[in-house]
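Below: one structure, written as structure tokens.
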Amino acid sequence: MTGTTVDGTTTSGTATRTVLRAEAVSRVFGSGAGEVRALADVSLEVAAGELLVVVGPSGSGKSTLLHLLGGLDRPTAGRVWLDGSPDGAAGARADAARELSAMSEDELHAVRRGEIGFVFQSFGLIPVLSAAENVEVPLRLARTEPGDRARRVAAALEAVGLADHAGQRPYELSGGQQQRVGIARALVDRPRVLLADEPTGQLDSATATVVMDLVRGLVHERGVAAVVTTHDPELVARADRVLVLRDGRLEPV
Ligand SMILES: Nc1ncnc2c1ncn2[C@@H]1O[C@H](COP(=O)(O)OP(=O)(O)OP(=O)(O)O)[C@@H](O)[C@H]1O
């Protein structure tokens, strides 16, 4: 299994690098009368440095899509690829693509830990740990050397404007600050993909805008392929591209 990336091209012809790709992905929960088709035939691509925002009403399948893209769940049909296309489309090299949806649990675990950063609506911080210790968690799991860990945690907190709050615990921080810790934690191990499920859902609209601007800046600066779901129409303006989900299907753009 290679870690090589792929060079593709967008429809506009600008050279980009596709990092994440879903091909005709469907997810059905339950069976018989209780069957729920949460996603139906969804295809998308996300490029390095691109902020893709997915909007849609409650129950339209946004979380389900993010779970499939992040290898937290497997599609009932269709495939999810990291690093481009399986068939050489758009200039991609076939041998560079890795099918997330076909990986073993161990492989998925390694990919999730090393290549994908997750941000959650409820922040997901560990209450007894300081901001710095929370950010450090992925580096500890990756067995990063302590000196390097300290440097990278400091840089990540600096990047989200929280250098002066490193020692504070989550309950001593505002909601917006807690989510900035969540973003620092998601990015500290330099993932190539960032997946954020309603990251501003618990924030007031002014704070939500600040947090989304921060995500946008970091995604562009670091060349991360990002997918963010939201209900908030204000945040759509921050997207490089917007997809609309309705009843598990992508609406035509
Ligand atoms: N584990 C599950 N078992 C059964 N049904 C599920 C499961 N997860 C999601 N669903 C159903 O799939 C559909 C899509 O749910 P999903 O959580 O993806 O929507 P969403 O767009 O993220 O909603 P929200 O904006 O309210 O978070 C819903 O009908 C939901 O009830």
Side-chain angles (χ1 to χ4, degrees), residues 1 18-46 51-87 97-126 141 179 182 185-186 191-203 225-233 235-236 239 241-253:
M1 199 157 289
T18 298
V19 174
L20 191 60
R21 183 188 302 258
E23 282 181 351
V25 161
S26 297
R27 180 66 167 99
V28 177
F29 292 108
S31 59
E35 182 177 296
V36 177
R37 181 166 287 269
L39 275 187
D41 211 19
V42 168
S43 296
L44 59 82
E45 292 180 13
V46 198
L51 175 57
L52 176 65
V53 168
V54 178
V55 292
S58 181
S60 59
K62 302 182 299 296
S63 299
T64 303
L65 176 62
L66 277 202
H67 293 163
L68 297 180
L69 293 176
L72 293 166
D73 187 19
R74 293 176 192 276
T76 313
R79 301 191 286 184
V80 178
W81 297 89
L82 199 56
D83 283 331
S85 159
D87 57 9
R98 291 172 297 158
E99 188 185 346
L100 217 58
S101 42
M103 287 182 183
S104 69
E105 281 306 316
D106 284 351
E107 287 172 316
L108 272 180
H109 185 72
V111 166
R112 285 197 303 261
R113 206 179 60 195
E115 300 185 61
I116 302 176
F118 293 94
V119 174
F120 307 98
Q121 178 176 355
S122 53
F123 317 137
L125 303 179
I126 301 171
L141 291 173
Q179 192 55 298
R185 179 188 54 191
R192 292 177 314 122
V193 173
L194 178 71
L195 301 175
D197 197 2
E198 295 270 354
T200 61
Q202 291 195 10
L203 307 177
V227 185
V228 176
T229 68
T230 184
H231 275 116
D232 187 347
L235 301 183
V236 168
R241 197 152 53 90
V242 180
L243 295 177
V244 181
L245 263 181
R246 195 172 295 277
D247 297 330
R249 291 184 182 276
L250 282 182
E251 290 201 335
V253 279

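As a basis for the values below, the full set of heavy atoms in this structure was taken, side chains included, without hydrogen atoms, waters or symmetry mates.
Heavy atoms only, all atoms of each residue included: Ile116 and Leu69 are closest at CD1-O, 4.3 Å. The nearest pair of heavy atoms linking Gly117 to Pro191 is N-CB, 3.5 Å. Scanning all heavy atoms of the two residues, the minimum distance from Leu52 to Val242 falls at CD1-N, 4.4 Å. Scanning both residues, Ser43 and Leu250, for their nearest heavy atoms gives O-CD1, 3.4 Å.
Contact check for Leu195 versus Val119: no side-chain heavy atoms found under the 4.5 Å cut-off. Taking 4.5 Å as the limit, some side-chain heavy atom of His231 sits within range of a side-chain heavy atom of Ser58. Val19 has its side chain out of reach of Val46: every pair of non-hydrogen atoms, C-beta onward, lies at least 4.5 Å apart. Residues Phe118 and Leu72 meet the side-chain proximity criterion, which asks for heavy atoms closer than 4.5 Å.
In this structure, Leu66 CG and Asp197 CG are separated by 5.0 Å, a value rounded to the nearest 0.5 Å. To the nearest 0.5 angstrom, Leu20 atom CG is 7.5 Å from Leu100 atom CG. Annotation: the span from Glu251 atom CD to Leu243 atom CG amounts to 10.5 Å, rounded to 0.5 Å. Residue Met103 holds its CE atom at 10.5 Å from CZ of Arg112, rounded to the nearest 0.5 Å. Atom CG of Leu39 and atom NE2 of His67 lie 11.0 Å apart (nearest 0.5 Å). Residue Leu235 holds its CG atom at 4.5 Å from OG1 of Thr200, rounded to the nearest 0.5 Å.
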query = Going through the checks in order, is the salt bridge (Lys or Arg N to Asp or Glu O under 4.0 Å) test met by Glu115 and Arg98?
reply = CA-CA 12 Å; Glu115 300 185 61; Arg98 291 172 297 158; 2.9 Å; yes

message = If you apply the rule side-chain contact (heavy atoms from CB on, under 4.5 Å), what do you find for Glu23 with Val80, and how did you get there?
response = CA-CA 6 Å; Glu23 282 181 351; Val80 178; over 6 Å; no

request  = Report the C-alpha distance between Phe123 and Leu203 in whole Å, list the side-chain angles of each, state the deciding distance to 0.1 Å, and finish with yes or no for side-chain contact (heavy atoms from CB on, under 4.5 Å).
outcome  = CA-CA 11 Å; Phe123 317 137; Leu203 307 177; 3.9 Å; yes

ask   = After noting the C-alpha distance and the side-chain angles of Leu245 and Val42, does the key distance pass the side-chain contact (heavy atoms from CB on, under 4.5 Å) rule?
value = CA-CA 9 Å; Leu245 263 181; Val42 168; 4.2 Å; yes

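Note on residues 29-41: no pairs pass salt bridge (charged side-chain N to carboxylate O under 4.0 Å, His left out), not counting sequence neighbours. Applying the salt bridge (charged side-chain N to carboxylate O under 4.0 Å, His left out) test to every pair with at least one member in residues 53-75, sequence neighbours left out, gives these pairs: Arg27-Asp73, Arg74-Glu105.
For Ser104, the side chain to side chain contact (heavy atoms under 4.5 Å, CB included) criterion is met by Asp106, Glu107, not counting sequence neighbours.
Side-chain atoms of Gln179 come within 3.5 Å of backbone N or O of Pro199 as a donor-acceptor pair. Using modelled atom types, no side-chain atom of Thr229 and backbone atom of Val54 make a donor-acceptor pair closer than 3.5 Å. Not one N or O on the side chain of Ser101 forms a donor-acceptor pair closer than 3.5 Å with the backbone of Pro75. A donor-acceptor pair is defined here as one N or O able to donate and one able to accept, closer than 3.5 Å; no such pair exists between the side chain of Ser26 and the backbone of Thr76.
One finds no salt bridge joining Glu99 and Arg21 here, because no Lys/Arg side-chain nitrogen approaches an Asp/Glu carboxylate oxygen to under 4.0 Å.
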